[in-house]
Amino acid sequence: MPATKRVLVTGAGGFIGHHLVKRLKAEGCWVRGVDIKLPEYETSPADEFDVLDLRKYDNCLQTTRGGIDQVYNLAADMGGIGYITASLADISRNNILINTHMLEASRLNGVQRFLFSSSACVYAGYKQKSADVTPLREEDAYPADPEPGYGWEKLFAEELCRYYWHDYRFETRIVRFHNVYGPLGTYEGGKEKAPAAISRKVALSRDGGDIQVWGDGEQTRSFMYIDDCVEGLVRLMASDYSEPLNLVNDRLISINELVNLITKLANKRLVKRHDTSKPQGVRGRNSDNTRLAAVLGWEPSISLEVGLEITYKWIEDELRKAGRVPLKVSAYSAD
Ligand code: NAD
């Protein structure tokens with residue numbers, strides 16, 4: 001019988017990390033989670049959970065102890081477009097420290113494979129100026145013109161993974177997420193991303209009222225439901241591919257269309273109020289999934305309609321539990 005795989009997930013107190021721990025446990029792995037905080041909405045099923053600040057090198061050495069086979073490095077200081085454009089120095093410094101220390105500690109402690117979670121924010125801004133954007137291939141990150149702060153540190157960490165192979169033959173995998181959404185993700189406080197923010201706003205709006213939309217809403221993006229994300233991560237880790245790989249569903253949709261979709265799911269009619277003083281990021285961004293399909297023999301397939309329905313209901317329920325949206329009225333109650 002093969003020995004149980006020992007896996008470390010950093011950022012296991014966060015959205016993707018927590019879902020990944022659940023998946024790895026279900027597959028029979030021994031899992032250690034680590035984060036600066038515990039998961040917010042559920043208890044982690046990890047065999048061990050270290051609460052540590054991974055900006056500190058000694059903590060990275062400590063959490064990679066004891067014969068870890070694989071590391072999924074998901075810990076990062078990150079958030080939606082408002083958050084990542086507001087604090088360039090802090091985000092860059094925090095994430096450079098986490099990534100450099102985690103790579104080195106993993107190598108010294110004999111980890112066999114290390115997956116780094118990069119972002120579509122590494123892609124060159126000059127290739128994303130139109131809402132009707134040409135889908136981005138992995139090589140479109142160069143010549144470099146990434147998102148200030150968050151995009152630059154992700155691009156550099158990708159390079160660092162390459163250098164670790166060059167100098168030490170240390171095995172790395174690099175995933176470029178675009179927008180991941182689903183239940184158990186942050187939905188308010190400034191770090192939430194568009195699907196969660198819009199779901200919260202829709203849930204809190206009265207039928208016939210307004211909803212504030214950042215920018216003119218014509219900016220476009222593509223999205224991926226969390227179950228597809230976790231599937232892609234596990235497949236990439238198992239693959240022999242060490243170059244950066246896009247991971248997202250390649251259906252392009254504008255933010256206005258996303259608002260329409262969520263409003264319809266909520267069975268409400270809302271008037272959009274566009275606030276063009278808010279940051280909206282690049283004008284258009286989509287993924288060319290040719291390489292993803294070739295490398296993994298698979299592509300994300302859960303539709304936005306299905307994924308958003310689950311996500312919206314979860315956020316609405318959370319707000320209901322907090323007494324911020326009215327309790328459900330029975331469909332049969334007299335009115
Ligand atoms: P998240 O914010 O929910 O999770 C990140 C976790 O990292 C958080 O729980 C946070 O507490 C932890 N963390 C931050 N600083 C830390 C520190 N100093 N020490 C220990 N832990 C620390 O974000 P997520 O959506 O789960 O993202 C996971 C990874 O995927 C990140 O690297 C992120 O940059 C990347 N990514 C996510 C998306 C997306 O749409 N969610 C898109 C592109 C890239």
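Atoms within a ligand are numbered from 1 in the order they appear, just like the ligands themselves. Please read these numbers as outputs of a predicted model, since none were measured by experiment.
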Answer with yes or no whether [X] contacts ligand 1, where contact means a heavy atom under 4.0 Å from a ligand atom.
{"X": "Tyr150", "result": "yes"}
{"X": "Asp53", "result": "yes"}
{"X": "His18", "result": "no"}
{"X": "Val34", "result": "no"}
{"X": "Asp35", "result": "yes"}
{"X": "Cys121", "result": "no"}
{"X": "Lys154", "result": "yes"}

Which ligand 1 atoms are under 4.0 Å away from a heavy-atom of [X]?
{"X": "Asn179", "value": "40 (O)"}
{"X": "Gly11", "value": "6 (C), 7 (O)"}
{"X": "Lys37", "value": "9 (O), 11 (O)"}
{"X": "Leu52", "value": "19 (N), 20 (C)"}
{"X": "Ser119", "value": "43 (C), 44 (C)"}
{"X": "Gly13", "value": "9 (O)"}

Just checking, is any N or O donor in the side chain of [X] or [Y] under 3.5 Å from an acceptor N or O on the other one?
{"X": "Asn73", "Y": "Thr10", "result": "yes"}
{"X": "Asp132", "Y": "Ser130", "result": "no"}
{"X": "Lys272", "Y": "Asn260", "result": "yes"}
{"X": "Ser222", "Y": "Asp250", "result": "no"}

### Query
Is the closest side-chain heavy-atom distance between Cys121 and Ile84 below 4.5 Å?
yes
### Task
Could you point out which residue of Tyr164, Tyr57, Tyr168 forms a side-chain hydrogen bond (donor to acceptor under 3.5 Å, both in side chains) with Glu104?
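So the option named by the test is Tyr164.
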### Message
Counting only heavy atoms not in Lys127 (residues, nucleotides, ligands), do more than 12 fall under 6.0 Å from its NZ?
### Response
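Correct, the count exceeds 12.
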#### Entry: Residue portion contacting ligand 1 (non-hydrogen atoms closer than 4.0 Å) for Ile16
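Both parts.
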### Query
So Gln112 and Lys5, side chain to side chain contact (heavy atoms under 4.5 Å, CB included) or not? Walk me through it.
CA-CA 11 Å; Gln112 289 159 21; Lys5 207 179 289 159; over 6 Å; no
Can you tell me the protein heavy atom closest to [atom] and the distance?
{"atom": "atom 37 (C) of ligand 1", "result": "Met78 CE, 3.4 Å"}
{"atom": "atom 21 (N) of ligand 1", "result": "Ile36 N, 3.2 Å"}
{"atom": "atom 19 (N) of ligand 1", "result": "Leu54 N, 2.9 Å"}
{"atom": "atom 15 (N) of ligand 1", "result": "Ile98 CD1, 3.8 Å"}
{"atom": "atom 4 (O) of ligand 1", "result": "Gly14 CA, 3.5 Å"}
{"atom": "atom 31 (C) of ligand 1", "result": "Leu74 O, 3.1 Å"}
{"atom": "atom 36 (N) of ligand 1", "result": "Phe177 CD1, 3.5 Å"}
{"atom": "atom 7 (O) of ligand 1", "result": "Ala76 N, 3.2 Å"}

### Task
Indicate yes or no for a side-chain donor-acceptor contact from Asn256 to the backbone of Asp216 under 3.5 Å, with no hydrogens or angles considered.
yes
### Query
Among Arg162, Glu139, Arg173, which residue meets the side chain to side chain contact (heavy atoms under 4.5 Å, CB included) test with Pro244?
Arg162
### Task
Would you sort out whether Ser117 and Ile16 count as a side chain to side chain contact (heavy atoms under 4.5 Å, CB included), showing the intermediate values?
CA-CA 10 Å; Ser117 53; Ile16 300 174; over 6 Å; no
### Message
Is there a polar contact between ligand 1 and Ser117, counting only N or O atoms under 3.5 Å apart?
### Response
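Checking ligand 1 against Ser117, an N or O pair does fall under 3.5 Å apart.
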### Query
If we only count N/O pairs under 3.5 Å, is Lys193 in contact with ligand 1?
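Yes; the residue has a nitrogen or oxygen that sits under 3.5 Å from a nitrogen or oxygen of the ligand.
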### Message
Check whether Tyr241 forms a cation-pi arrangement with Arg291 (NZ or CZ under 6.0 Å from the six-membered ring centre, at most 45° off the ring normal).
### Response
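No, a cation-pi geometry is absent between Arg291 and Tyr241.
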### Salt-bridge contact Asp167-Arg107 (side-chain N to carboxylate O under 4.0 Å)
no
### Query
atom 40 (O) of ligand 1: which of Val180, Val248, Leu20, Leu38 has the nearest heavy atom?
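Checking each option, the heavy atom nearest atom 40 (O) of ligand 1 is found in Val180.
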### Task
Walk me through it: do Asp77 and Tyr150 pass the test side-chain hydrogen bond (donor to acceptor under 3.5 Å, both in side chains)?
CA-CA 9 Å; Asp77 184 5; Tyr150 181 70; over 6 Å; no
### Message
Checking Glu257 against Arg251 for the salt bridge (Lys or Arg N to Asp or Glu O under 4.0 Å) test, could you report, in this order, the C-alpha distance in whole Å, the side-chain angles of both residues, the deciding distance, and whether it holds?
### Response
CA-CA 12 Å; Glu257 289 167 325; Arg251 169 175 169 194; over 6 Å; no
